[in-house]
*Asks:* 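Below is the structure I would like to discuss, written out as structure tokens.
Side chains are part of it too, since the values below use all heavy atoms of this structure and drop only hydrogens, waters and symmetry mates.
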Number of protein chains: 4
Amino acid sequence: MSPRRARATRGRAGDDPAVALRQQLVDTAERLLAERQVGAITTREIARAAGVSDGVLYNYFADKYDLLVAALLRRYAGELATFERDLPAPGTGEVRANLVSYAEAVHKLIADTLPVVTGLMSEPTLLHRFMVEIHREPMGHHRLIGPLADYLTGERRLGRLGDFPLDATVTMIIGSAMMLGFAEVVGGVARGELARGVPDIIDTLLAGIAPG
Amino acid sequence: MSPRRARATRGRAGDDPAVALRQQLVDTAERLLAERQVGAITTREIARAAGVSDGVLYNYFADKYDLLVAALLRRYAGELATFERDLPAPGTGEVRANLVSYAEAVHKLIADTLPVVTGLMSEPTLLHRFMVEIHREPMGHHRLIGPLADYLTGERRLGRLGDFPLDATVTMIIGSAMMLGFAEVVGGVARGELARGVPDIIDTLLAGIAPG
Amino acid sequence: MSPRRARATRGRAGDDPAVALRQQLVDTAERLLAERQVGAITTREIARAAGVSDGVLYNYFADKYDLLVAALLRRYAGELATFERDLPAPGTGEVRANLVSYAEAVHKLIADTLPVVTGLMSEPTLLHRFMVEIHREPMGHHRLIGPLADYLTGERRLGRLGDFPLDATVTMIIGSAMMLGFAEVVGGVARGELARGVPDIIDTLLAGIAPG
Amino acid sequence: MSPRRARATRGRAGDDPAVALRQQLVDTAERLLAERQVGAITTREIARAAGVSDGVLYNYFADKYDLLVAALLRRYAGELATFERDLPAPGTGEVRANLVSYAEAVHKLIADTLPVVTGLMSEPTLLHRFMVEIHREPMGHHRLIGPLADYLTGERRLGRLGDFPLDATVTMIIGSAMMLGFAEVVGGVARGELARGVPDIIDTLLAGIAPG
DNA sequence: TATGAATGAGTCTTCATTCAT
DNA sequence: GATGAATGAAGACTCATTCAT
């Protein structure tokens with residue numbers, strides 16, 4: 001009944017204000033996502049945190065979930081991009097060090113993503129929409145598993161790795177990283193401390209635990 | 001509506017009705033936990049399902065979370081007990097088959113527990129209280145990790161396994177099982193199909209992937 | 001987060017408080033229905049007017065419409081009962097006076113009901129639910145049309161009325177009453193003034209307007 | 001977003017653009033009125049449908065209601081114009097056929113208008129403003145009642161109708177048509193089927209129902 | 001001690017209206 | 001004058017918690 005003037009975008013010269021506000025909402029949602037679980041975020045909080053009114057959200061998104069999915073996708077995309085940077089290629093450097101790099105990168109990605117993923121699992125609607133979107137864009141699990149599988153296959157072809165079942169090995173590496181990620185998130189152990197265990201894992205993976 | 005004995009416990013002769021009612025609430029909450037996410041359970045539903053009134057809850061528990069934590073603990077304890085049953089002892093049977101058993105048991109435990117754990121992560125308050133409780137009682141992670149570590153150490157001492165870093169190996173086995181659990185819960189893959197991958201994982205763990 | 005004690009039913013000794021509150025809500029809704037259109041009634045207003053909290057409504061009714069339908073049915077049932085009281089039987093008194101009584105009763109019923117009926121027509125959901133309910137109970141249109149048709153048929157059989165098409169005559173009598181009802185509701189004309197026109201209508205109906 | 005001419009009126013050379021835009025808004029609102037209830041029309045929908053911006057409305061109308069009243073008036077005026085076309089004059093054709101034509105025309109007018117009128121009754125503010133306007137302009141009920149009254153008076157003067165009370169007869173004809181209109185709108189009966197009852201009504205009106 | 005009706009803050013969402021551009 | 005993004009009050013509905021009985 002008593003609309004006031006816009007607050008948030010004033011003074012942001014240079015940007016298209018409409019785009020800016022949409023961005024701002026996604027930014028804010030993404031930031032809140034880093035602070036708490038998806039299920040604990042209210043539309044009002046997003047609006048307050050973004051410094052805009054309660055209703056704006058619906059000028060840019062169909063509903064709460066739409067905004068949240070956008071934020072989740074951006075967050076996930078960002079993490080994936082970071083992950084992919086600096087992944088070693090087959091035949092370069094040393095295999096052991098490369099595998100350690102891979103495992104560390106996976107650990108980091110998972111530790112950074114886990115809270116969001118688990119939060120997502122409590123919100124079936126959100127999970128479903130997110131999955132639909134993530135499979136539409138070329139950013140699904142293959143961006144995590146694909147590079148690792150390619151690397152392993154490459155080194156095997158080059159003879160720098162022996163003969164091994166691909167899926168099992170991928171599962172072991174990612175699983176170990178996931179385990180470290182859980183320890184970090186649930187157990188509250190510091191990442192540095194956990195990362196120190198990675199070389200041992202790779203060594204064990206390389207050498208096996210069978211006797212002599 | 002004069003005060004009267006709770007309906008649900010009437011006729012349960014011999015039990016202390018107060019204890020019985022408490023139990024019943026936990027039972028019911030635990031059952032509901034198996035059906036849906038923690039966040040989707042209301043106090044009224046618990047009361048209705050338990051056949052008692054909305055208010056009793058507060059005679060035995062400080063609040064909703066208190067009851068839920070009790071139910072979560074009992075559920076977790078039950079899963080752990082199932083897990084511990086039939087774990088092979090060092091020196092018995094074949095090492096490979098034993099490790100497969102261990103991995104399968106861990107996979108089962110994790111797949112059964114994961115939905116609850118993730119549901120928990122959406123409820124920070126609940127998660128915190130749960131962690132406090134789980135570390136107080138002798139039922140923390142060591143009940144999962146302990147037996148596996150003991151088994152591995154035992155076989156190593158017996159010479160049925162080589163020399164290997166314990167923590168790393170434990171992380172790899174549990175991590176792989178966790179990975180399978182996630183695939184089951186998030187990806188909707190059937191357990192049977194996933195379980196088929198376990199022998200490959202154990203073989204890889206035993207033999208390693210290094211060339212030659 | 002801060003429930004207080006009940007206010008509205010305190011001191012109403014003798015009634016079953018649960019039934020009392022349900023009744024009270026229907027009472028209140030019915031009263032508001034007399035003051036304004038269905039579409040302009042909010043759940044909060046009902047609660048405020050009933051002196052209870054916002055949420056109670058949902059302890060007794062599935063949703064807003066459920067309560068409103070209950071109120072509409074009660075109101076309509078009451079009006080119908082009043083209408084049926086004192087309707088003359090065929091063969092008693094004078095035909096002309098009897099028809100005037102019928103027309104006046106129909107006029108009253110329609111004038112009292114019209115605002116609600118029209119309000120209903122703007123709320124498709126509500127209209128549908130109301131129609132379902134009204135056809136379930138023996139209170140549909142036949143309670144309005146039936147008695148009049150029976151009366152006309154009776155008098156015709158007794159020879160106190162000539163030969164005439166039943167449906168057309170019913171339509172004319174009820175239609176005329178409806179017209180008066182509209183004039184009252186929409187035009188704001190006083191009922192007494194309108195009622196004065198009824199005898200003329202009946203005389204015209206009896207005598208016809210053909211020449212000679 | 002510098003001020004510029006409204007999109008929708010560009011290219012309409014020759015018209016005063018301001019008038020054109022006002023017209024267009026009324027046109028659009030009128031069209032929407034034919035599709036749904038008054039209460040279900042939003043200002044944004046009108047703007048979108050008219051191809052103009054949300055705000056223009058307030059350059060030509062005090063508020064939403066003002067526009068809606070204008071649209072309602074135009075719609076009603078249109079229906080009335082249609083109604084008045086082809087009404088038989090006293091002394092032409094046959095009286096019975098003429099009265100049937102009148103009754104059918106009234107029935108059509110009412111059936112076409114009723115949804116809007118009832119929708120109006122759910123919006124007290126709108127209803128009030130509409131009534132004020134309709135009485136100001138020479139388009140009130142007399143445009144409906146007037147021609148019929150004139151026709152009846154004319155035929156009576158010509159001796160083609162007997163002596164009868166004018167108001168009562170008008171009420172009966174319009175009331176019957178209104179009754180048919182209601183049956184069509186509320187009961188969902190097809191217009192054709194209802195129209196078949198009109199001759200019976202006219203015959204009854206002419207002959208009366210008194211015996212002998 | 002058990003009951004369960006009542007509470008009311010809080011959730012998401014809609015939409016008439018304003019006003020900087 | 002035209003634009004349309006921003007506003008925020010209001011709507012229906014949920015549910016953990018209290019307390020008179």
*Asks:* Check the distance between E/dT14's C1' and D/Arg48's CZ and give it to me in whole angstrom.
*Replies:* 14 Å
*Asks:* Quick check: do D/Tyr65 and D/Val38 have side-chain heavy atoms less than 4.5 Å from each other?
*Replies:* no
*Asks:* F/dA16 C1' sits how many Å from B/Glu45 CD, rounded?
*Replies:* 13 Å
*Asks:* Report the distance from atom CG of A/Leu57 to atom P of E/dT13, rounded to the nearest whole Å.
*Replies:* 8 Å
*Asks:* Counting Watson-Crick and G-U wobble pairs whose two distances are both under 3.5 Å, find the runs of 3 or more in a row that involve DNA chain E.
*Replies:* E:2-21 with F:2-21
*Asks:* Without swapping roles, check the side chain of D/Lys64 against the backbone of D/Leu57 for a donor-acceptor pair under 3.5 Å.
*Replies:* no
*Asks:* What's the CG-P distance between D/Asp66 and E/dT17, to the nearest Å?
*Replies:* 10 Å
*Asks:* Under the 3.5 angstrom rule, does the side chain of C/Glu133 hit a backbone N or O of C/Val69 as a donor-acceptor pair?
*Replies:* no
*Asks:* Can you tell me which nucleotide in E/dA2, F/dA6, F/dC13 comes closest to the side chain of C/Tyr58?
*Replies:* F/dC13
*Asks:* Inspect the surroundings of CZ in D/Arg36 and state if more than 12 heavy atoms from other residues, nucleotides or ligands are less than 6.0 Å away.
*Replies:* yes
*Asks:* Counting side-chain heavy atoms from C-beta on, which of E/dA6, F/dT7, E/dA2 comes nearest to B/Val56?
*Replies:* E/dA2
*Asks:* Quick check: on DNA chain F, is the nucleotide nearest A/Asp54 upstream (toward 5') of the one nearest C/Asp63, or the reverse? Name the residue that is more 5'.
*Replies:* A/Asp54
*Asks:* By the 4.0 Å heavy-atom rule, please label D/Leu67 as base, sugar-phosphate, or nothing.
*Replies:* nothing
*Asks:* With a non-hydrogen cut-off below 4.0 angstrom, is D/Thr43 in contact with a base, only sugar-phosphate, or nothing?
*Replies:* base
*Asks:* According to a strict under-4.0 Å criterion, is A/Asn59 in side-chain N/O contact with OP1 or OP2 of F/dA5?
*Replies:* no
*Asks:* Any salt bridge linking A/Arg74 with A/Glu30? Criterion: basic side-chain nitrogen under 4.0 Å from a carboxylate oxygen.
*Replies:* yes
*Asks:* Ignoring backbone atoms, test whether C/Ser53 places a side-chain nitrogen or oxygen under 4.0 Å from the OP1 or OP2 oxygen of E/dG8.
*Replies:* no
*Asks:* Given F/dA2, is OP1 or OP2 found less than 4.0 Å from the side-chain N or O atoms of D/Tyr60?
*Replies:* yes
*Asks:* Reading DNA chain F from 5' onward, which residue's closest nucleotide shows up sooner: B/Gly55 or C/Ala62?
*Replies:* C/Ala62
*Asks:* Could you tell me how far apart A/Gln23 (CD) and F/dA5 (C1') are, to the nearest whole angstrom?
*Replies:* 16 Å
*Asks:* Look at the side chain of B/Glu45 and the backbone N and O of B/Thr42, then say whether any donor-acceptor pair between them is shorter than 3.5 Å.
*Replies:* yes
*Asks:* Could you state the atom-to-atom distance from NZ of D/Lys64 to P of E/dT14 in whole Å?
*Replies:* 15 Å
*Asks:* How far does CZ of C/Arg129 sit from CG of C/Asp63, to the nearest 0.5 angstrom?
*Replies:* 4.5 Å
*Asks:* Would a distance-only check, ignoring hydrogens and angles, find a side-chain to backbone donor-acceptor pair under 3.5 Å from D/Gln24 to D/Ala50?
*Replies:* yes
*Asks:* Base, sugar-phosphate, or nothing for A/Ile46, non-hydrogen atoms under 4.0 angstrom?
*Replies:* nothing
*Asks:* How many whole angstroms separate atom CZ of B/Phe61 from atom P of F/dA16?
*Replies:* 15 Å
*Asks:* Assign each of A/Arg44 and D/Ile41 to its nearest nucleotide of DNA chain E by heavy atoms, then name whichever residue's nucleotide is nearer the 5' end.
*Replies:* A/Arg44
*Asks:* Please give, in whole Å, the distance from F/dA6 C1' to A/Gln24 CD?
*Replies:* 12 Å
